[in-house]
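Everything below concerns the one structure shown next.
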Amino acid sequence: MGSNVVLCIAPHPDDETLGCGGTLLKHKNAGDKVHWFIATAVSVAAGFSAERVQKRADEIARVAKEYGFDGVHQAGFPTAQLDRVPKSDLVGALADVVKQIQPNVLYVPYRNDVHSDHAAVFDAAMACTKSFRYPSVKSVYTYETLSETEFGLRPDDPGFRPNLFVDISPWLDKKIDLMKMFEGEMGEFPFPRSETSLRALAALRGGTAGCGAAEGFMILKEVR
């Protein structure tokens with residue numbers, strides 16, 4: 001880490017923290033530039049109250065400040081409806097950001113998460129990794145999202161099998177504090193988005209990696 005431009009691609013606000021919050025904090029600590037792309041948004045037109053829409057905007061601003069993100073890019077597509085959005089629109093929105101910031105590291109959701117928004121975002125992200133069109137992109141890692149990845153029960157899917165582990169021991173507590181900033185997203189165990197579950201997954205990945213707490217990723221692309 002260090003001297004990288006990182007783009008974390010999140011279908012919804014909180015996916016970035018669930019999947020790679022500790023790693024993003026580690027990138028910032030190393031001096032990397034870190035950007036946050038959020039594919040979806042809540043809106044009054046989609047049935048959310050004006051109060052909820054404003055609260056979500058405030059949450060995003062607060063979380064971005066706590067991370068110290070160098071940029072927040074919001075595509076604003078309707079949440080839970082990306083399967084109705086033309087793929088070219090989603091690809092175009094993401095491609096504009098990739099061309100603008102020239103990231104060399106991408107973090108993307110797992111393709112077979114149970115939420116259809118995650119699959120749509122993954123597919124759009126893959127369209128933005130072609131070396132002849134987006135030469136800045138050298139590394140692509142897919143993250144696991146508690147409450148989505150472990151419920152993707154497709155019989156043809158071998159499951160999320162991490163082959164990259166990032167030690168986040170110094171940043172686990174802050175990752176959990178960041179998750180708590182998203183009102184209504186955390187719950188009491190055995191709810192999957194709980195502090196107990198987040199710490200358990202970090203311990204599990206840490207046990208594999210030989211450290212106190214880790215986040216696991218699958219390497220999709222690595223050019224050195």
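This chain uses plain numbering: 1 for the first residue, then up along the sequence.
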Would you say [Y] and [X] are linked by a side-chain donor-acceptor pair, where the criterion is simply a distance under 3.5 Å?
X      : Y      : result
Glu16  : Tyr67  : no
Asp157 : Tyr110 : yes
Thr145 : Asp15  : no
Ser194 : Glu188 : no

Charged N to carboxylate O below 4.0 Å: is that the case for [X] and [Y]?
X      : Y      : result
Arg56  : Glu59  : yes
Asp167 : Lys26  : no
Lys138 : Glu222 : no

ask   = Can you list the residues that meet the side chain to side chain contact (heavy atoms under 4.5 Å, CB included) rule with Thr79, with sequence neighbours excluded?
value =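 Side chain to side chain contact (heavy atoms under 4.5 Å, CB included) check on Thr79 returns His12, Thr40, Val42, Phe48, Asp117.
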Whether over 12 other heavy atoms sit under 6.0 Å from Lys28 NZ =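 Atom NZ in Lys28 is crowded, with more than 12 foreign heavy atoms closer than 6.0 Å.
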ask   = CG/Asp14 to CE/Met179 distance, rounded to the nearest 0.5 angstrom?
value =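 Going from CG on Asp14 over to CE on Met179, the span is 4.5 Å.
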request  = Output the distance between atom CZ (Arg111) and atom CG (Leu220), rounded to the nearest 0.5 Å.
outcome  =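 One gets 12.5 Å once the value is rounded to the nearest 0.5 Å.
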Please tabulate, one pair per line, all N/O donor-acceptor pairs under 3.5 Å involving side-chain atoms of residues 94-106, not counting sequence neighbours.
from	atom 1	to	atom 2	distance (Å)
Gln102	NE2	Lys99	O	2.9
Asn104	OD1	Val5	N	2.7
Asn104	ND2	Asn4	OD1	2.7

